[in-house]
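Notes for the one structure printed next.
So that the names make sense, note that chain A is the first sequence line, chain B the second, and so on, each numbered from 1.
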Number of protein chains: 2
Amino acid sequence: MQAPLYDPSLDDFFDMIKTFITLSPESKLAMAGILEKRELPKGHHLVHAGAVCRHVYFIEKGLTRTYYVKDGKDVTDWISTEKTVATSIVSFITGMPDIRSIELLEPTVLWAIGHDDLQKLYNESHEIERFGRLLVSYGLVQMQQRFDDLHFATARERYRKLITQHPDIVQRVPLGMVASYLGITQETLSRIRADFTI
Amino acid sequence: MQAPLYDPSLDDFFDMIKTFITLSPESKLAMAGILEKRELPKGHHLVHAGAVCRHVYFIEKGLTRTYYVKDGKDVTDWISTEKTVATSIVSFITGMPDIRSIELLEPTVLWAIGHDDLQKLYNESHEIERFGRLLVSYGLVQMQQRFDDLHFATARERYRKLITQHPDIVQRVPLGMVASYLGITQETLSRIRADFTI
DNA sequence: CGTTAGTTTGAGAGGACTCAAAGTCTGTGG
DNA sequence: CCACAGACTTTGAGTCCTCTCAAACTAACG
């Protein structure tokens with residue numbers, strides 16, 4: 001009987017990423033060395049506005065919101081649910097500060113990967129470099145789809161798409177935050193929703 | 001006196017990508033083996049709607065437009081100028097067909113990289129895998145910025161930003177295409193522009 | 001059970017859209 | 001070199017969607 005080489009709950013993480021890569025045992029071990037599991041309360045901030053984001057977070061349980069303030073108004077940029085990634089992507093990639101903050105909308109369990117740790121593994125392992133490439137590629141596909149939704153759709157179309165593709169978000173996220181995520185005001189979303197439920 | 005190992009005009013390509021990576025001589029040689037230079041006339045389509053996009057294109061000279069048809073209307077999704085990349089990114093990454101087409105708005109000189117060729121080099125070279133990662137990362141940053149522009153800005157703000165950041169696009173691209181790129185109608189853009197020049 | 005965060009409702013203003021028509025530019029053939 | 005066709009842009013009028021500002025309502029939490 002041999003002790004496991006890494007925290008068995010890390011398999012949740014490897015499950016999460018298996019949509020785009022299955023790592024070799026060595027790479028898993030290497031990743032295990034830099035992944036940090038964290039349990040954080042609702043309201044906690046992972047990233048503060050004006051700071052550099054030095055981590056990527058894989059959400060195992062819970063819900064995060066990336067947002068910023070534009071013209072005095074709170075704008076929700078991204079919402080990350082279970083089995084997805086949260087990070088202030090431009091800041092993480094460029095190393096520059098960004099106006100975006102990330103807050104937890106629920107008590108959250110996540111895996112954090114530090115930027116420098118990851119760079120180190122990139123240097124050491126071709127496979128993990130590939131993991132990085134695929135992770136970003138996957139993010140780019142998601143961003144494009146979100147962009148398309150916003151590009152030439154009415155408020156109504158955007159809401160309809162959201163409730164069909166991510167019904168849980170509407171349940172778990174306050175209406176005002178969902179509204180700005182969709183690029184509309186809270187009042188408009190409230191009225192649209194009233195129409196839909198008749 | 002030694003013959004160059006690759007077409008010297010390829011240095012334009014290596015210049016183009018040096019904002020994010022400087023390749024080793026071996027990697028340059030490997031890339032030289034898969035890069036194809038093409039000179040194509042205005043109006044030529046690099047990608048057709050409904051097809052899979054199997055190439056990434058680096059624009060050396062000229063101008064491309066990525067677009068699709070939504071509800072019978074032509075929507076400009078992306079505009080690529082000199083020293084930037086054009087591709088139908090979701091299709092290229094996922095290997096699935098996409099509604100996007102790419103056309104040349106001017107006679108264009110570009111470097112084409114085939115998907116399968118690139119995958120092969122990814123397998124052979126860690127450094128080229130890194131090149132891929134950085135290329136996608138760079139694309140993600142651009143996409144995020146474009147997304148932000150669209151998210152909560154008025155038609156006026158979007159136009160102002162475009163003319164300050166990419167004044168050449170307004171000169172070289174027909175107004176209707178610029179309008180849909182900004183997410184507004186041609187008539188609205190025409191009126192905005194009239195105001196600006198007073 | 002009060003306080004606060006969150007949501008709904010109302011009224012009015014305004015931006016952007018649609019449909020339609022008139023200009024303007026540009027390249028090609030006579 | 002001019003004239004015309006087709007592509008592109010502007011202008012107009014009316015409508016509608018979404019916004020803003022304001023106030024009332026509801027739910028959740030300590």
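Distances shown here put a side-chain N or O of A:Thr185 below 4.0 Å from the OP1 or OP2 atom of D:dC19. The side chain of A:Lys73 contributes an N or O atom lying less than 4.0 Å from OP1 or OP2 of D:dT20. Residue B:Ser190 has a polar side-chain atom (N or O) positioned under 4.0 Å from OP1 or OP2 of D:dT10.
Side-chain atoms of A:Leu175 lie closest to C:dT7 of the nucleotides D:dC19, C:dC17, C:dT7. Out of D:dT10, D:dC21, C:dT18, the shortest distance to the side chain of B:Arg191 is found at C:dT18. Nearest to the side chain of A:Arg193, among C:dT18, D:dT18, C:dT7, sits C:dT7.
Note: NZ (B:Lys42) to C1' (D:dC8) measures 11 Å, nearest angstrom. Between A:Asp71 atom CG and D:dC19 atom P the separation is 14 Å, expressed in whole Å. Atom CG in A:Asp195 sits about 11 Å away from atom P in D:dT18, given to the nearest Å. Here D:dC8 presents its C1' atom at 14 Å from CG of B:Asp74, a figure rounded to the nearest Å. When rounded to the nearest whole Å, the span between CD of A:Gln171 and P of D:dA28 equals 13 Å. One atom, CZ of B:Arg172, and another, P of D:dC8, lie 16 Å apart when rounded to the nearest Å. One can place CG of A:Leu189 at 15 Å from C1' of D:dC17, the figure rounded to the nearest angstrom. Residue B:Gln186 contributes atom CD, which lies 9 Å from atom P of D:dC8 at whole-angstrom precision.
Electrostatic pairing of A:Asp148 and B:Arg100 counts as a salt bridge here, judged by a charged N lying under 4.0 Å from a carboxylate O.
Shown for residues 148-166 of chain B: residues whose heavy atoms fall under 4.0 angstrom of DNA chain C, namely B:Thr154, B:Ala155.
Using cut-offs of 30° and 60° on the angle between ring planes, the pair B:His151 and B:Phe147 is tilted.
With respect to B:Met31, the side chain to side chain contact (heavy atoms under 4.5 Å, CB included) criterion is satisfied by exactly one of B:Ile113, B:Ile17, B:Leu10: B:Ile113. For the salt bridge (Lys or Arg N to Asp or Glu O under 4.0 Å) criterion with A:Glu106, the lone passing option out of A:Lys61, A:Lys42, A:Arg172 is A:Arg172.
Within the cation-pi definition used here (under 6.0 Å to the ring centroid, within 45° of the axis), B:Lys73 does not qualify as a partner of A:Phe152. For the pair B:Lys28 and B:Phe14, the cation-pi test (distance below 6.0 Å, angle within 45°) is passed.
Expressed to the nearest 0.5 Å, how far CG of A:Leu105 lies from CG of A:Leu63 amounts to 4.5 Å.
Axis orientation changes by 40° from one end of the helix from C:dC1-D:dG30 to C:dG30-D:dC1 to the other, with each end axis drawn from 5 pairs and the value rounded to 10°.
Looking only at side-chain heavy atoms (C-beta outward), A:Leu104 and A:Leu46 come within less than 4.5 Å of each other.
Residue pairs meeting the ring-ring contact (aromatic ring centres under 6.0 Å, His included) criterion with at least one member in residues 164-183 of chain B: none, sequence neighbours excluded.
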